[in-house]
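What follows is a set of notes on a single structure, which appears directly below.
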Protein chains: 2
Amino acid sequence: MFEEKKWTLKSIAEKLGVSNATVSNAFNRPDQLSEKRRKDILAACAELGYSGPNKAAQSLRKGKFDTVALVLSDSVEYMVSDPVASHFMKGVASVLAREKINLLLFSGSAEHVNSVVDFVDGFICYGRPRNPLLVEQLKQVRKKVVTVDFDIQRNASVGIDNQSAAHEIAQLAIQSSDDDVAIMGLRLLDHNAICYVEDLDSVVTEASVAHQRLKGYLSALSFKDVTLKKQRVWNIPESRSECASIAAKQALNATPRANVFLCMSDIIALTLMNEATKMGLKIPSDIRVVGFDGIDEGVRCNPPLATVHQFSEQKGIKAAQMFVDGANHEETLPYGIREGGSC
Amino acid sequence: MFEEKKWTLKSIAEKLGVSNATVSNAFNRPDQLSEKRRKDILAACAELGYSGPNKAAQSLRKGKFDTVALVLSDSVEYMVSDPVASHFMKGVASVLAREKINLLLFSGSAEHVNSVVDFVDGFICYGRPRNPLLVEQLKQVRKKVVTVDFDIQRNASVGIDNQSAAHEIAQLAIQSSDDDVAIMGLRLLDHNAICYVEDLDSVVTEASVAHQRLKGYLSALSFKDVTLKKQRVWNIPESRSECASIAAKQALNATPRANVFLCMSDIIALTLMNEATKMGLKIPSDIRVVGFDGIDEGVRCNPPLATVHQFSEQKGIKAAQMFVDGANHEETLPYGIREGGSC
DNA sequence: CTGTTAGCGCATTCAG
DNA sequence: CTGAATGCGCTAACAG
């Protein structure tokens with residue numbers, strides 16, 4: 001099956017009786033030799049089964065790889081089944097395909113970017129990587145970096161105005177100063193515990209997405225003259241049903257129970273609505289719930305979920321476009337407010 | 001920000017006053033030099049900001065890349081939002097992460113594997129690539145190849161017994177010899193049209209998944225003494241709601257209408273159920289519908305979808321494990337039959 | 001245990 | 001337009 005010789009530029013040049021530079025030029029620089037000569041060489045190569053210069057060697061030489069690493073905030077395993085991330089990846093993939101750039105998936109839990117940094121032209125980072133060391137490494141990397149939904153004080157970044165968005169959706173959810181509000185936070189704390197956030201002021205001072213959303217919620221609360229009770233802010237480490245349902249159950253079983261739930265992701269919100277329904281609670285008469293992200297399932301469910309719609313695919317397109325353009329600025333994308341059963 | 005010199009193995013060796021082989025050994029072959037010497041060198045490198053041998057050069061030299069290309073059946077853009085593919089990818093990602101192998105996503109619509117073949121240790125191919133040329137190329141590639149849900153008469157492959165599964169689910173769906181059965185086929189024909197399959201015998205003789213499932217359905221039909229009417233077999237080119245709903249509407253509007261719909265994917269089945277509901281049809285009294293794949297949404301919907309459950313994540317784990325093990329055989333995975341509202 | 005040498009496969013000078 | 005020479009950054013074999 002593999003009787004064919006394994007050709008290299010050198011061996012094929014020798015076989016054809018020309019110099020290796022000529023063969024190289026035939027493939028890469030048409031202007032450097034006559035049309036006929038080029039066609040002859042290409043034809044002979046095709047005939048012999050040589051399909052062109054080895055890409056790895058070519059890349060080593062040129063320092064260009066036509067590959068970008070998409071650094072996810074969490075493990076690849078988890079991220080591929082996250083609907084928000086999927087839409088983002090879809091957007092990225094669409095422009096990379098057009099530009100004939102390969103896509104390497106990289107885990108935000110990996111130990112070091114070293115394992116890929118020498119194979120890629122740069123990084124698109126979707127969300128702050130779970131491993132903080134990666135962030136430090138990305139700051140140092142001598143290649144293009146586009147960050148999404150977080151910032152490393154360097155290069156390009158894209159995101160939305162999380163604070164305004166959170167403020168708006170919270171405004172919509174809160175109807176009177178008597179409302180008892182709970183905040184189901186996503187990654188508010190640095191560890192993986194599903195727990196109350198005891199000390200709001202100590203929450204990551206860094207301008208993380210969670211922090212920005214929290215600020216937006218809180219400003220809406222004060223705007224509406226609502227006081228946040230003790231033990232009303234939750235930390236959920238991942239936007240997954242498994243995590244969210246634990247927090248949801250506990251939050252729903254608290255006495256007294258909050259009647260407005262501001263959730264930092266749609267997954268959290270849908271999970272909470274699901275748990276509430278199981279407990280016989282009605283939406284919006286018993287509790288009101290708003291999400292964040294704008295995933296499809298929120299539209300199909302009953303009642304539909306009120307949420308901030310992020311246009312994740314557009315975000316991916318934008319990030320990838322900025323990458324190929326070598327952009328070097330911060331981009332703030334629009335968002336939409338989607339009304340639902342709760343408001 | 002980048003004041004640091006860009007070190008290479010050579011320059012760092014010179015700086016440290018040792019040979020480059022020694023530095024190389026310090027990083028890769030601890031047994032080749034004294035513990036102390038190694039620690040000193042590694043410490044000095046860390047100090048100077050040299051983070052180890054360039055991976056691209058290392059790979060060129062060793063011919064090993066610690067990267068596998070996951071060839072999807074369709075564009076990356078489309079596949080990341082396909083729930084079945086996502087589960088498969090999840091499985092693959094989990095074992096690759098453990099093995100510290102990078103994952104490169106590759107489109108089944110790409111023109112040539114050349115753009116990545118020199119960067120990877122091999123390929124895992126999920127479904128027959130949309131571009132037939134890729135299949136030919138994969139047959140020739142001098143690297144490991146594991147195929148999933150199709151076969152290229154070479155190397156390793158994993159899949160399920162599609163024919164038996166289709167037969168079983170069809171048996172379940174068909175209740176009497178008076179049933180009027182329609183088959184909503186996925187990629188039965190080579191082109192992209194949504195249409196009837198006029199000539200069943202001419203359908204791809206190759207043992208494609210669609211063909212195997214069709215055979216399973218047909219054997220169940222004859223087992224149940226049911227005759228397939230004219231224009232009862234549809235070709236749907238992609239497992240997407242957009243495509244499926246067109247076929248579904250037409251199939252549901254046919255007079256007389258079939259009362260049993262055998263769908264080659266859950267997406268198709270769910271879409272058809274959705275269209276049927278819009279038309280006021282009741283399941284299972286008016287029509288019965290069965291799917292194939294076993295996606296989560298089929299469990300949550302009302303009534304639940306009867307289907308063949310594929311354990312896609314397990315399939316991904318198996319495929320990746322076979323890749324790392326260098327397996328060279330055909331693996332047939334189990335499947336499950338999930339009952340639902342229709343049967 | 002250390003250093004020297006010869007490539008991995010290629011692209012780019014620079015003479016001719 | 002062509003061909004010889006140099007090196008991208010590294011590792012493996014060998015010699016000391």
Side-chain angles (χ1 to χ4, degrees), chain A residues 4-42 44-45 48-66 114-121 142-143, chain B residues 5-42 44-45 48-67 114-121 142-143:
Chain A
E4 298 168 17
K5 184 172 186 298
K6 197 188 163 204
W7 294 105
T8 69
L9 186 64
K10 199 170 165 186
S11 69
I12 205 96
E14 190 176 4
K15 171 82 178 178
L16 300 184
V18 298
S19 95
N20 43 16
T22 305
V23 179
S24 173
N25 285 332
F27 279 97
N28 306 315
R29 303 173 59 178
D31 52 307
Q32 296 295 300
L33 71 178
S34 68
E35 183 67 8
K36 175 172 175 356
R37 196 126 178 64
R38 194 175 78 94
K39 291 221 161 168
D40 287 350
I41 290 175
L42 260 33
C45 288
L48 291 166
Y50 175 68
S51 52
N54 179 295
K55 300 290 180 187
Q58 199 168 20
S59 287
L60 177 61
R61 181 60 229 257
K62 297 213 234 191
K64 188 145 191 322
F65 298 84
D66 293 323
N114 268 2
S115 60
V116 292
V117 70
D118 296 325
F119 289 121
V120 302
D121 296 325
R142 297 161 170 277
K143 303 212 170 182
Chain B
K5 185 172 186 300
K6 197 190 164 204
W7 295 104
T8 68
L9 186 65
K10 199 170 165 187
S11 69
I12 205 98
E14 191 176 5
K15 171 82 178 179
L16 299 184
V18 298
S19 94
N20 43 16
T22 306
V23 180
S24 172
N25 285 333
F27 279 97
N28 306 315
R29 304 174 58 177
D31 53 307
Q32 296 296 301
L33 72 179
S34 68
E35 183 66 9
K36 175 171 178 353
R37 197 126 177 63
R38 194 175 76 93
K39 290 223 161 168
D40 287 350
I41 290 175
L42 259 33
C45 287
L48 290 167
Y50 176 68
S51 51
N54 180 295
K55 300 288 180 188
Q58 199 168 21
S59 287
L60 176 62
R61 182 61 229 251
K62 298 212 235 190
K64 189 148 189 321
F65 298 85
D66 293 322
T67 300
N114 269 2
S115 59
V116 293
V117 70
D118 297 326
F119 289 121
V120 302
D121 296 325
R142 298 161 168 276
K143 303 210 169 182

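A note on names: the letters A, B, ... follow the listed sequences, proteins ahead of strands, and every chain is numbered from 1.
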Contact class for A:Ser34 vs. all strands (heavy atom < 4.0 Å): base, sugar-phosphate, or nothing?
sugar-phosphate

What is the separation between atom CD1 on A:Ile12 and atom C1' on C:dC10, rounded to the nearest whole Å?
14 Å

Determine yes or no for a side-chain-to-main-chain donor-acceptor pair under 3.5 angstrom, with B:Ser59 supplying the side chain and B:Ala56 the backbone.
no

One character per nucleotide, please: for nucleotides 5-16 of chain D, 5' to 3', B when the base has a protein heavy atom closer than 4.0 Å, S when only the sugar-phosphate does, - otherwise.
--BBBBBB----

With distance as the sole test, does B:Thr67 use its side chain to make a donor-acceptor pair with the main-chain N or O of B:Phe65 at under 3.5 Å?
yes

Backbone N or O of B:Leu33 within a donor-acceptor pair of the B:Asn25 side chain at under 3.5 Å?
no

Can you name the closest pair of heavy atoms from A:Pro53 and B:Asp118 and give their distance?
O-OD2, 4.1 Å

How many Å lie between CZ on A:Arg38 and P on D:dT2, as a whole number?
13 Å

Between B:Arg142 (CZ) and C:dG9 (P), how many Å, whole number?
11 Å

Under 3.5 Å: donor-acceptor pair, side chain of B:Lys55, backbone of A:Val116:
no

Report yes if at least one side-chain N or O of B:Thr22 is closer than 4.0 Å to OP1 or OP2 of C:dG3; otherwise report no.
yes

Hey, is the main chain of B:Lys64 close enough, under 3.5 Å, to the side chain of B:Asp121 for a donor-acceptor pair?
no

